[in-house]
Amino acid sequence: MVELYEDRINQTEDLFDIADFLTEDHQYKKTVKKYIDNPYDADIERVAKGVFTVAVSKADSVSLDKFDPATAVTRATTEALARLACAGARFLTTKNVDDRRITALGLIKDKKKVTSMSFDAKGDTIYLVGTADDENDFQINNRTFDVILKAIEKDLVTSAHYISSNGLFISLLECCAPNELGFDITSDAEVEDREFLFGRSRYLAVISVNDAQENDFVDFLFNEEIPVTLLGHVTKGELRMDDLSFGYIEDYIQD
């Protein structure tokens, strides 16, 4: 379940109670404010002619503390590389410091290719991209990162956001918050709704595309044999799944 709220989520079956908790939680609002101020999966810095990105992941995070140290570091490194790809960066190197803090450095050759996590406009289509190689393992094939990066470089992507251990619902809120937009999505018939929204996602990234990009984007991923699942579309501000409304984005970002 969601790393920040696992205990709370395990105590309730009601989706609305979980969502309401987020509207009042200061820790969540502090996290989402960071993305409102800087809506990228990686920190962006322009150096000389290049655009450098730095992605950070911690192997000692709550979601990884059940693994042995080597596995935790591997998974944290994978998360950092995914963050680079979603920002449109080519991976250069990683560094693992003593506190098991993984730092990954990437390069974006064209500053126009820097990709935000934030949804851009009402009506854009939302997709889930990539899956874990083994749903019991959650190791992610690096080839998926390469294909996401190529799609960005081909201008087939409007926004891209790595789905962290905090789950799909919070990842979608992070996509919505910067431009105060919403989502209307369809649940997964094979997964219980609470697990789908608040569990550890079996998908890699949330990607949005506009009308002009959509057909080429889907065709490109299909030809590259990367799983892509239609999730829904961007709304003006309401947050919906099937016939359920979770309110409006302002409910989750106002102090």
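Residues take their numbers from the sequence shown, with the count starting at 1. All values derive from a computational prediction rather than experimental measurement.
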For this session: Show your working on side chain to side chain contact (heavy atoms under 4.5 Å, CB included) between I207 and I126 and close with a plain yes or no.
Result: CA-CA 6 Å; I207 288 181; I126 307 168; over 6 Å; no
Exercise. Should Y28 and L173 be marked as a side chain to side chain contact (heavy atoms under 4.5 Å, CB included) after you check the CA-CA gap, both sets of side-chain angles, and the distance that decides it?
Worked result: CA-CA 10 Å; Y28 158 74; L173 291 179; 3.4 Å; yes
For this session: Dump the intermediate steps for side chain to side chain contact (heavy atoms under 4.5 Å, CB included) on T229 and Y203, then the final yes or no.
Result: CA-CA 9 Å; T229 301; Y203 301 99; 3.8 Å; yes
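Of all heavy-atom pairs between A82 and Y162, the closest is CB-CD1, 3.4 Å. Of all non-hydrogen atoms in R240 and S245, the two that sit nearest each other are NH1-CB, 3.5 Å. Closest heavy-atom contact between C86 and I152: O-CD1, 4.0 Å. Pairing each heavy atom of D43 with each of N38, the nearest pair is OD1-ND2, 3.6 Å. Residues L239 and Y252 approach most closely at CD1-CE1, 3.3 Å, considering heavy atoms. Shown here for A160 and T115, the closest heavy-atom pair between the two residues is N-CG2, 3.9 Å.
Aromatic rings from F217 and Y127 are positioned such that their centres are separated by under 6.0 Å. Less than 6.0 angstrom separates the ring centroid of F169 from the ring centroid of F246.
Taking the charged nitrogens against the carboxylate oxygens, E224 and R143 do have a contact shorter than 4.0 Å, which makes a salt bridge.
Taking 4.5 Å as the limit, every side-chain heavy atom of L105 sits out of range of all side-chain heavy atoms of T53. Inter-residue side-chain proximity for L204 and I163 is flagged as unmet; no heavy-atom pair is nearer than 4.5 Å. Annotation: side chain of T78 is not in contact with side chain of I102 (no heavy-atom distance under 4.5 Å). Here the side chains of L168 and F196 are in contact, with some heavy-atom distance below 4.5 Å. Side-chain contact between V56 and V54 is present, with at least one heavy-atom pair separated by less than 4.5 Å. The closest side-chain heavy-atom distance from L149 to E153 is below 4.5 Å. Put simply, the side chain of I18 reaches to within 4.5 Å of the side chain of R194, judged on heavy atoms. No side-chain heavy atom of E195 sits under 4.5 Å from any side-chain heavy atom of R202.
Here the straight-line distance linking atom CG of L231 with atom CG of L172 works out to 6.0 Å at 0.5 Å rounding. Atom OG of S165 sits about 5.5 Å away from atom CD of E79, to the nearest 0.5 Å. How far CE of M241 is from CG of D188: 10.0 Å, rounded to the nearest 0.5 Å. Distance CD1/I170 to OG1/T31: 8.0 Å, rounded to 0.5 Å. The NZ atom of K29 sits 6.0 Å away from atom OG1 of T23, with the distance rounded to the nearest 0.5 Å. If you take CG on N179 and OG on S118, they are separated by 4.5 Å, rounding to the nearest 0.5 Å.
A donor-acceptor pair under 3.5 Å is formed between the side chain of Q213 and the backbone N or O of N210.
A donor and an acceptor atom, one from each side chain of S208 and S159, are located under 3.5 Å apart. For D242 and S187, the side-chain atoms include at least one donor-acceptor pair closer than 3.5 Å. Using a 3.5 Å distance cut-off with no hydrogens or angles, the side chains of H161 and D41 do pair a donor with an acceptor.
Taking hydrophobic clusters as Ile, Leu, Val, Met, Phe, Trp and Tyr residues chained together by side-chain heavy-atom distances below 4.5 Å, V114 does not share a cluster with Y35. Placement of L181 and M117 in two distinct hydrophobic clusters is found when ILVMFWY residues are connected by side-chain heavy-atom separations under 4.5 Å, directly or transitively.
Annotation for F16: atom CZ counts as buried by contact number, over 12 foreign heavy atoms lying within 6.0 Å. Summarising the local packing, NZ of K113 is surrounded by more than 12 heavy atoms from other residues, nucleotides or ligands at distances under 6.0 Å. The environment of D37 atom CG is dense: over 12 non-hydrogen atoms of other residues, nucleotides or ligands sit within 6.0 angstrom.
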